Amino acid sequence: MIMKHTSLICCMAMAAMLCCATAGAQQPQATATTVAAGPGAKATLERFVGNISTFNRLFPQEKVYLHLDNTAYFRGETMWFSAYVVRADRPALTDMSRVLYVDLLDPTGETVATRKVKLDHGRGSGSFKLDKLLTSGFYEIRAYTRYMLNWDAAWAFSRVLPVFEAPKAEGDYSEPTMAAHDYRKRMPSARAKAGDGKARVRFFPEGGRLVMGLPSRVAFDVTGPGGEPLQAGGTLTMADGRRVVVETLREGRGVFDYTPAEGSATLTLTDSAGRWHEFELPGAESEGCVLTVGAIEGDYVNVAVTRSKGYDEPLAMVLVNGGNVDAADILMPGERTARRRFFRPDMAPGVSQVALIDRNGDIVAERMVFVSPQAGVDTIAFRAEGSLAPCGKLALEAQTEPGVTFSLAVRDRAADANGADADAATWLLLSSELKGYIRNPQYYLEADDEEHRRAADLLMMVQGWRRYDVAQMAGSKEFVRRQPMEDGLYLFGQLHQASRRNKTAGVKLTATLYNRQGVAMGGKATTDSAGMYAFRLPDCEGEYTLLLNTTNAEGKAKNYRVGIDRNFAPAPRPVWPAETEPVPMGEARQLAVPEAGFDTLATKLSMEDRVHMIREVKVKGKRLFEKARAGWENEQRGAFKAYVRYDCDRAADEIYDAGDDTPTIFEWLAQKNPFFGGNEVDQGDEGYGLAEPQELPVEQQLSMVNEGGKLQTEVSQMEEMQTESAQDQYRGFLTRDGMSYKNRPIVWVLNNTFYMGTSTRGVSTADIVNIRAETSEEMPRWLDEYKSVYISEDEDIWRNYVEAPELARYSPVTIFLYSHHEFPAKSKGLRHTHFDGYSRVETFQMPDYSLMPPMADHRRTLYWNPAVKADKDGRARIELYNNSSCKQIAISAEGISYDGRAVVYRP
């Protein structure tokens, strides 16, 4: 094998690409007459305004968008994605981060897989194979750069998609189904709950505050027990007894006028089910100011600031878009009601922020404003050449802006299982600026009339809190940059003491990486005063074995816990009920193409070419494995009918990277999953077992050691069995003690063979009729000795490993444990782990029917290209082959140009 050697570059600080350019678009001007300000107050406020611009210049944010090939998936398919990362401070694809992380999370919030995507001028692509998912359900795909995590993780791209069971009949997608989990088999979740289990109303005073005696507008939203929006109507009862009719306008949101007075006001609502709910309005401040924005009528956005009599604070008003200060003015106490207006055509499209800052740098009022793009959204047009025939060739001509690169998916329309409610334009201009889920975001961009402006303005009042923390940018709140901007691949972390005598400063660290293809890399570093180290790696793909050696200045090996800074993924977020509702199947994304020759495919083929079904044959002989243990311990046995999988290797690495001690497998499971209860079984120095082995009748022992139908009946063999060590006798027994799962017994299966049962209550070892496969190895103690854990609540799966009829009435849970049998030799001062380079990019495969005969072809995605390049005239030609049954195609084409404009297919 040829070994390629590459050196790592040692560096003790992460390179940061901090760009200092500001947006060059025309800025809106506030139209007003400003009262002269005192020099001290005015200078202080101007300094805060300047701080905002400086902060955004030093720490510009990034946004991520993923375009997927489909709107829903079936188990066994591949999910393809194209990634676009833009700078939020200017209309451009990013020139900062070069590494993007894309996670696939299962319905419980556990990460199934992660892709490390290499960004080239803000673009990248990848895929997830869905052939090893344990269950159907709603999966989340999210994407973020590490630099983005210096702010709220809510700004990561996130989309929840249905993944259905594979169809029972190949190619029949007409009735997509998901696995149903009743309450008894409910799944553990790492996600916080969306909703608190009861209906509630949230109030949003415009600007954020109510002030006694000042007229205000108050937006509200009504949600059900699971956080779902509720339409409702009722009355607002003022403190003086006056009543005003109130009702929700759209998706559980509404707004009413309100002037706070002494005493409390209540809102009484009746929901669609006729239930009454009463809520008290929030209290009002005695002094302050109220911010009111008119963004619905005309060509101006009108802003008014009204003060109470005792509020004499000078204020700075700023209009912020993309972190840039697009307009600013000083409001002095003499303006009891200050009015400003912004010319809508001059405002940046999307979401802007109006904020009032006092001389302490605090935000006293704040409001979001949405402006539709004046010229609309750039689009991609398609024209089909030819007709749709089974396995026939089809050409598409695309027309868009010159030089634009976009991603394209062509699908079988009849096989679509979910509609589409978002695209690059809605994400870039709306969704990426607001926290929380937005139902049907396309609605807010489909027109710029009064109806749509009113709906968008209500959304801004209720959900517009908020990508940019203006107080932090102004300097009155602390900002700590904890995550680096990754302009390449890095390996860095911190040493932790394994002994108090071993200081972490000045330690020599050697990193060696190699993979199965014969590529090797290496480098050396010396830790700084805090025990930190860093290496920069050349661009590389795939997983590498990583060896980290620590020595003192004299070259003598010293033991340290070598932590690696790589566990920064955000915690899973709540999934709102609206995200798990089917999206209506619209007609807008279809492209009309004539049909041609759609008879049954089989009748069109000659007898020689006709596709025949190969029948399943049951092989009576046993397959011979070169590695029998690997075949027997295949994890698919545990995955069969399991619904939860834990990656122990990954979990142990995360714990070790943090410098913490490795827990036992039982300790870790109890912490990981709240459904575990009880205590660990008693343990010896080498493994786990029962506290006291139980004596069995001879005839039952004979049954338990049945191998291949042949009983070992010789007395000498039985006597030999009875003289085994106590630890060996632990195996294959049940105990009343130990851990339970949902208060049910657990059958522990180690490497696909029965080990023991815990929390078995009234069932004893004497109730075991037969052990079908009993392990002869010890159950390892520590988490890092395991590869994975599978949990199955299937009623019968445990019966494949142990026969105990009395145990069945307690519905035991089966937990499969897969352990490592071989560990790298432990040497002093050595850590053995792994390093992930960029994920390898797979290529979408499409049959070429010019080279092969037609066949039964059930592809739902007919064509996927993450990077279609339009020429200087904006044209691109695409050629593809149809499947064997598609009569109507759906097109999804999206992209973001180099100057940051969204381009989408909207016929």
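Count residues from 1 along the sequence. None of these values were measured; they are calculated from a predicted model.
Under the 3.5 Å distance criterion, the side-chain polar atoms of Ser432 are matched with a main-chain donor or acceptor of Trp427. Between the side chain of Gln472 and the backbone N or O of Asp469, no donor-acceptor pair lies under 3.5 Å. Side chain of Asn150 to main chain of Gln483: a donor-acceptor pair is present (N/O by atom type, distance under 3.5 Å, no hydrogens or angles). A distance-only check finds a donor-acceptor pair linking the side chain of Ser476 to the backbone of Gly361 [under 3.5 Å]. A donor-acceptor contact shorter than 3.5 Å links the side chain of Thr248 to the backbone of Ala232. The backbone N or O of Ala239 lies less than 3.5 Å from no partner atom in the side chain of Arg242, so there is not a single donor-acceptor pair. Counting only distance, with no hydrogens or angles, the side chain of Glu287 and the backbone of Gly310 share a donor-acceptor pair below 3.5 Å. Looking at Ser897, its side chain does come within 3.5 Å of a backbone N or O of Arg901 through a donor-acceptor pair. Using modelled atom types, one side-chain atom of Gln231 and one backbone atom of Gly252 make a donor-acceptor pair closer than 3.5 Å.
Closest approach of Phe370 and Leu429 over heavy atoms only: CE1-O, 3.8 Å. Ser264 and Glu280 make their closest contact through CB-OE2, 3.5 Å (heavy atoms, listed as atom of the first residue, atom of the second, distance). Residues Val903 and Ile896 approach most closely at CG2-N, 4.3 Å, considering heavy atoms. A pairwise comparison of heavy atoms in Ala422 and Pro441 identifies CB-CG, 4.0 Å as the closest pair. Minimum heavy-atom separation, Leu214 to Gly288: CD1-O, 4.0 Å. In terms of heavy atoms, Ala83 sits closest to Leu100 at CB-CD2, 3.3 Å.
Counted by atom type alone, His67 and Ser892 present one or more donor-acceptor pairs between their side chains at under 3.5 Å. A side-chain donor-acceptor contact under 3.5 Å links Ser158 and Glu140. Defined by atom type and a distance below 3.5 Å, a donor-acceptor pair is present between the side-chain atoms of Thr94 and Glu62. Between the side chains of Tyr101 and Glu486, at least one donor N or O lies within less than 3.5 Å of an accepting N or O.
Distance check: Asn324 CG to Arg90 CZ gives 9.5 Å after rounding to the nearest 0.5 Å. To the nearest 0.5 Å, the span separating OH on Tyr300 from CE on Met347 amounts to 12.5 Å. Taken from CG in Leu58 to CZ in Arg481, the straight-line distance is 9.5 Å, to the nearest 0.5 Å. Between atom CD of residue Glu228 and atom CZ of residue Arg439 there is a gap of 9.5 Å, rounded to the nearest 0.5 Å. Summarising the geometry, atom CZ belonging to Phe204 is positioned 12.5 Å from atom CE belonging to Met460; distances are rounded to the nearest 0.5 Å. Interatomic distance, CD of Glu451 versus CZ of Arg453, reported as 13.0 Å (0.5 Å rounding).
The ring of Tyr905 has its center no closer than 6.0 angstrom to the ring center of Phe406.
In this structure, Asp457 pairs ionically with Arg217, as a charged nitrogen and a carboxylate oxygen lie closer than 4.0 Å. Salt-bridge annotation for Lys63 and Asp89: absent, with no side-chain N of the basic residue lying under 4.0 Å from a carboxylate O of the acidic one. Between Arg307 and Glu335 there is no salt bridge, since no side-chain nitrogen of the basic residue lies less than 4.0 Å from a carboxylate oxygen of the acidic one. Of the charged side-chain nitrogens involved, at least one lies within less than 4.0 Å of a carboxylate oxygen, so that Arg202 and Asp221 count as a salt-bridged pair. Salt-bridge formation is not detected for the pair Arg906/Glu894: no Lys NZ or Arg NE/NH1/NH2 atom is positioned less than 4.0 Å from an Asp or Glu carboxylate oxygen.
Looking only at side-chain heavy atoms (C-beta outward), Thr306 and Tyr311 stay at 4.5 Å or farther from each other. The shortest distance between side-chain heavy atoms of Gln442 and Asp423 falls below 4.5 Å. Using a 4.5 Å heavy-atom cutoff, the side chains of Ser216 and Pro205 are not in contact. Side-chain contact between Tyr147 and Pro484 is absent, with no heavy atoms from C-beta onward closer than 4.5 Å. For the pair Glu285 and Leu210, the minimum side-chain heavy-atom distance is 4.5 Å or more. Taking 4.5 Å as the limit, some side-chain heavy atom of Thr44 sits within range of a side-chain heavy atom of Phe48. Counting only heavy atoms from C-beta outward, the side chains of Val364 and Leu315 approach each other to under 4.5 Å. The closest side-chain heavy-atom distance from Val245 to Leu236 is not below 4.5 Å.
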Evaluate side chain to side chain contact (heavy atoms under 4.5 Å, CB included) for Asp378 paired with Thr400, printing each intermediate quantity in order.
CA-CA 8 Å; Asp378 292 329; Thr400 185; 5.8 Å; no
List the steps and the verdict of side chain to side chain contact (heavy atoms under 4.5 Å, CB included) for Val293 and Glu206.
CA-CA 8 Å; Val293 176; Glu206 187 170 18; 3.8 Å; yes
Pair Leu458-Val255, side chain to side chain contact (heavy atoms under 4.5 Å, CB included): steps then yes or no
CA-CA 8 Å; Leu458 184 56; Val255 63; 4.1 Å; yes
As a quick check of understanding, evaluate side chain to side chain contact (heavy atoms under 4.5 Å, CB included) for Arg340 and Leu331, giving each step before the final call.
CA-CA 10 Å; Arg340 303 290 187 271; Leu331 312 181; 2.8 Å; yes
Are Phe479 and Trp151 close enough, and set up right, to give a ring pair (Phe, Tyr, Trp, His ring centres under 6.0 Å), and what steps lead you there?
CA-CA 9 Å; Phe479 172 75; Trp151 293 272; 5.5 Å; yes
Go through the steps to decide whether Arg344 and Asp299 satisfy the test salt bridge (Lys or Arg N to Asp or Glu O under 4.0 Å), and finish with yes or no.
CA-CA 5 Å; Arg344 188 184 293 269; Asp299 289 335; 5.7 Å; no
Step-by-step ring pair (Phe, Tyr, Trp, His ring centres under 6.0 Å) determination, Phe203 to Phe279:
CA-CA 10 Å; Phe203 296 102; Phe279 305 92; 7.0 Å; no
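Under a cutoff of 6.0 Å and an axis angle of 45°, Arg467 and Trp155 form a cation-pi pair. In this structure, Arg159 fails the cation-pi test against Tyr65, since its NZ or CZ atom is not both closer than 6.0 Å to the six-membered ring centre and inside 45 degrees of the ring normal. In this structure, Arg123 forms a cation-pi arrangement with Tyr898, its terminal cationic atom sitting closer than 6.0 Å to the ring centre and no more than 45° off the ring axis. In this structure, Arg250 forms a cation-pi arrangement with Tyr444, its terminal cationic atom sitting closer than 6.0 Å to the ring centre and no more than 45° off the ring axis.
Pairs passing the side-chain hydrogen bond (donor to acceptor under 3.5 Å, both in side chains) check and including a residue from residues 347-360, sequence neighbours excluded, read Glu313-Arg359, Asn321-Ser352, Gln353-Glu366.
Between Phe59 and Phe55, the two ring planes are tilted [angle within 30° to 60°].
Take Ser372 and apply the side chain to side chain donor-acceptor pair (under 3.5 Å) test, not counting sequence neighbours, and it matches no residue.
No more than 12 heavy atoms of other residues, nucleotides or ligands sit less than 6.0 Å from atom CZ of Arg243.
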